[in-house]
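Fair warning: this is a prediction, and the values are worked out from it, not measured in the lab.
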Amino acid sequence: MVRKVIKIICMAISILVVLLFLLTCLTPFLSPQKVWFIGFCGLITPHLIFILLLSIIFWLIAKPKLALLPVITLLIGYKQIQTVFAFHIKESFTNEKKANTIRIVDWNVRSFLGLSKNKETKKHIKENIVQSILTLQPDIICMQEFNNIPVTADNISLFTKTHPYYFFSEDYSRKDGYRSGCIIFSKHPIIQFNKTKYPVAESLIYADVVKGEDTIRFYTTHLQSFKFKKQDYDDIEKIKQQEEDVLIASKNIFYKMRLAFKRRATQTDIVTTETAKSPYPSIICGDFNDVPNSYTYFKIKSTNRQDAFLQKSFGIGRTFNSLASTLRIDYILPTNNFTVQQFGLIDEGYSDHSMLVSDIQLKK
């Protein structure tokens, strides 16, 4: 009797997981602007895949015929698996760059604030970030949450000795001269640049870079985040610990996430429309604040693009170092005109995001 009850419970769980996973397979087609809950589905996809794999093993032992259910489900959702896991043998990133390649660094630098609370450590964060980037000798540097105050903290000048060409979005400003947003630095001449503002904050920027006989368009952007503050992280801890006011905490987190999903969907549609206009081979770099199993990722990548991480790495490739181990939300997405030579993720503890670096070569 007990075994029968256990099988019924396991079957119910299997069916629920199957239905949830099949729902996540609709993320490429359903905009969270119209169907907001689809945004939450993308976040749990890696966990659903893991549970489905475990259920295959369980049913092969308990009742082999029922193992077909999770197997067929995973086959239906193979695109979801392909985007969340990279299956290449991981190689160490080498500083030596092949001829005719372009080295790109992409990094959300968190306003050069760092993660340490130690005052002495914080003094050197900016210096450490700059050194980490320049040591790689990139051709192009794309940064999000970059800030600059010309009089007191001229952060642009930290890079212009080696990368004299740049375009700064300046999405946020204050009367004291403070500016922040996304920035593109280049070793090579920029012949044109532009900015497309989003309805609420932030923007998409591009720079047309000439290297030799080639002109390449580089985009960077910072899509809508959940904007979690200290209180929100405290609320998440309350949810984990099942404290008394968990319901209030859950509501606060839920409303912020729902709003972010909707705004990000609108921004995603703008990115897709604008990047499709590029007359040159192009590369999109940035902090999308969304996982690979999302409307954001599928929509932007669907425009004839490849994912540098998936081309050269192995595993999930976490880029955001808080909350969960499955959050790959930063990307380098070149069009299919390019060959990805190598890719690396570098986490030195200077930001809540890892630095992305990739060598890419234009096909001739």
Quiz item: So how far is it from S278 OG to F218 CZ, rounded to the nearest 0.5 Å?
Solution: 10.5 Å

Quiz item: From Q306 CD over to I332 CD1, what is the distance, rounded to the nearest 0.5 angstrom?
Solution: 11.5 Å

Quiz item: Could you walk me through whether S282 and R305 pass the side chain to side chain donor-acceptor pair (under 3.5 Å) check?
Solution: CA-CA 9 Å; S282 67; R305 295 189 182 277; 2.7 Å; yes

Practice problem: Evaluate salt bridge (Lys or Arg N to Asp or Glu O under 4.0 Å) for D139 paired with R103, printing each intermediate quantity in order. | Solution: CA-CA 5 Å; D139 295 276; R103 177 161 294 174; over 6 Å; no

Practice problem: Can you measure from OG (S354) to CG (L345) and round to the nearest 0.5 angstrom? | Solution: 5.5 Å

Quiz item: Do H88 side-chain atoms and F314 backbone N/O form a donor-acceptor pair below 3.5 Å?
Solution: no

Quiz item: Heavy-atom count around K363 NZ within 6.0 Å, excluding the residue itself: above 12?
Solution: yes

Quiz item: According to a 4.5 Å side-chain heavy-atom criterion applied to Ile, Leu, Val, Met, Phe, Trp and Tyr, with indirect links allowed, do I51 and L53 form part of one hydrophobic cluster?
Solution: yes

Self-check item: Between CG on residue D287 and SG on residue C142, distance to nearest 0.5 Å
Solution: 12.5 Å

Quiz prompt | Cluster check L310, I104: I/L/V/M/F/W/Y, side chain < 4.5 angstrom | solution = yes

Quiz item: Is it true that L43 and I300 fall in one hydrophobic cluster, defined by side-chain heavy atoms closer than 4.5 Å?
Solution: no

Quiz item: Which atoms form the tightest heavy-atom contact between T220 and G286, and what is the distance?
Solution: OG1-CA, 4.0 Å

Exercise. Decide whether F309 and L356 are clustered together by the hydrophobic rule: side chain heavy atoms of Ile, Leu, Val, Met, Phe, Trp, Tyr closer than 4.5 Å, transitively.
Key: yes

Exercise. Check the surroundings of atom CZ in F193: do more than 12 heavy atoms from other residues, nucleotides or ligands lie under 6.0 Å from it?
Key: no

Exercise. Heavy atoms only: give me the nearest Q341-K98 pair and the separation to one decimal.
Key: OE1-NZ, 3.7 Å

Self-check item: Flag side-chain contact, heavy atom, 4.5 Å: K126 against N155
Solution: yes

Quiz item: On the ring face of Y280, is R217 found with NZ or CZ under 6.0 Å from the centre and within 45° of the axis?
Solution: no

Quiz prompt | Verdict with reasoning, L69 to I56, per side-chain contact (heavy atoms from CB on, under 4.5 Å) | solution = CA-CA 8 Å; L69 179 62; I56 291 172; over 6 Å; no

Exercise. Indicate, with yes or no, if the rings of F288 and Y331 have centres closer together than 6.0 Å.
Key: yes

Quiz prompt | Closest heavy-atom pair and its distance - I81, L74 | solution = CD1-O, 3.7 Å

Exercise. Mind running side-chain contact (heavy atoms from CB on, under 4.5 Å) on T45 and V291 for me, showing each step along the way?
Key: CA-CA 9 Å; T45 302; V291 293; over 6 Å; no

Exercise. Would you mind reporting whether M355 and L136 have side-chain heavy atoms less than 4.5 Å apart?
Key: yes

Quiz item: Cut-off 3.5 Å, side chains only: do T268 and T296 have a donor facing an acceptor?
Solution: yes

Quiz item: Just checking, is any N or O donor in the side chain of Q80 or T27 under 3.5 Å from an acceptor N or O on the other one?
Solution: yes

Exercise. Flag the pair R110 and D352 as a salt bridge only when some basic side-chain nitrogen lies within less than 4.0 angstrom of an acidic carboxylate oxygen.
Key: yes

Self-check item: Main-chain N/O of S111 paired to N147 side chain as donor or acceptor, under 3.5 Å
Solution: yes

Quiz item: Taking R328 as the fixed residue, which of T319, N293, D307 is the one that meets the side-chain hydrogen bond (donor to acceptor under 3.5 Å, both in side chains) rule?
Solution: D307

Exercise. Could you tell me whether the side chain of T83 reaches within less than 4.5 Å of the side chain of Y297, counting heavy atoms only?
Key: yes

Quiz item: Under 6.0 Å between ring centres, would you say that holds for H353 and F320?
Solution: yes

Quiz item: Can you list the steps and then say if I191 with T215 is a side-chain contact (heavy atoms from CB on, under 4.5 Å)?
Solution: CA-CA 9 Å; I191 58 170; T215 302; 4.1 Å; yes

Exercise. Taking atom types as modelled, find out whether D106 and Q144 have a side-chain donor-acceptor pair closer than 3.5 angstrom.
Key: yes

Quiz item: Linking I/L/V/M/F/W/Y whenever any side-chain heavy atoms sit under 4.5 Å apart, do V35 and F29 land together?
Solution: no

Exercise. With the side chain counted from C-beta on, respond yes when Q361 and I102 share a heavy-atom pair under 4.5 Å apart, and no when they do not.
Key: no

Quiz item: Between T266 and Q33, is any side-chain donor less than 3.5 angstrom from a side-chain acceptor?
Solution: yes

Self-check item: Validation row: I183, I205 side chains within 4.5 angstrom (heavy atoms)
Solution: no

Quiz item: Of all heavy-atom pairs between Y219 and T275, which one has the smallest distance, and what is that distance?
Solution: OH-CA, 3.4 Å

Quiz item: Side-chain contact, heavy-atom cut-off 4.5 Å: K65 with W59?
Solution: no

Exercise. Kindly check if the number of other-residue, nucleotide or ligand heavy atoms within 6.0 Å of NZ (K197) is above 12?
Key: yes

Quiz item: Looking at I133, L134, V130, N148, which one forms a side-chain contact (heavy atoms from CB on, under 4.5 Å) with L158?
Solution: V130

Quiz item: Got a sec: does the CD1 of I8 have more than 12 other heavy atoms crowding it under 6.0 Å?
Solution: yes

Self-check item: Minimum-distance pair of heavy atoms, taken over all atoms of Y172 and E202
Solution: OH-OE2, 3.3 Å

Exercise. Say whether S132 and E348, considering side chains only, have a donor N or O and an acceptor N or O under 3.5 Å apart.
Key: yes

Exercise. Taking the side chain as every heavy atom from C-beta outward, state whether T196 and I270 have any atom pair closer than 4.5 Å.
Key: yes

Practice problem: Kindly give the heavy-atom pair with the smallest separation between E170 and K195, and that separation in Å. | Solution: O-NZ, 3.8 Å

Quiz item: Between the side chain of R174 and the main-chain N/O of Y178, is any donor-acceptor distance below 3.5 Å?
Solution: no

Quiz prompt | Side-chain donor-acceptor pair present, D171, S203, cut-off under 3.5 Å | solution = yes

Exercise. State whether a side-chain donor-acceptor pair under 3.5 Å links Q224 with Y198.
Key: no

Quiz item: What is the distance from atom OG of S294 to atom CZ of F261, rounded to the nearest 0.5 Å?
Solution: 8.5 Å

Quiz item: Between F112 and F146, does the ring centroid distance fall short of 6.0 Å?
Solution: yes

Self-check item: Whether Y350 and W107 hold their rings parallel, tilted or perpendicular, with breakpoints at 30° and 60°
Solution: tilted

Quiz prompt | Candidate pair R264 and D290, rule salt bridge (Lys or Arg N to Asp or Glu O under 4.0 Å), full reasoning | solution = CA-CA 9 Å; R264 201 154 53 232; D290 224 335; 3.0 Å; yes

Practice problem: Any chance you could measure Q342, atom CD, to S92, atom OG, to the nearest 0.5 Å? | Solution: 10.0 Å

Quiz item: Does atom CZ of F87 have more than 12 heavy-atom neighbours from other groups under 6.0 Å away?
Solution: yes

Quiz item: Between I13 and L16, does a side-chain contact (heavy atoms from CB on, under 4.5 Å) hold up when you go through it step by step?
Solution: CA-CA 5 Å; I13 293 172; L16 176 61; 5.7 Å; no

Exercise. Please check if any side-chain donor atom of N336 sits under 3.5 Å from a side-chain acceptor atom of N304, or the reverse.
Key: yes

Quiz item: With a 4.5 Å limit on heavy-atom distance, are the side chains of F40 and M257 in contact?
Solution: yes

Quiz item: How about Y166: does its OH atom have over 12 heavy atoms from other parts shown lying under 6.0 Å from it?
Solution: no

Quiz prompt | Any side-chain donor near an acceptor of the partner, N108 and E145, under 3.5 Å | solution = yes

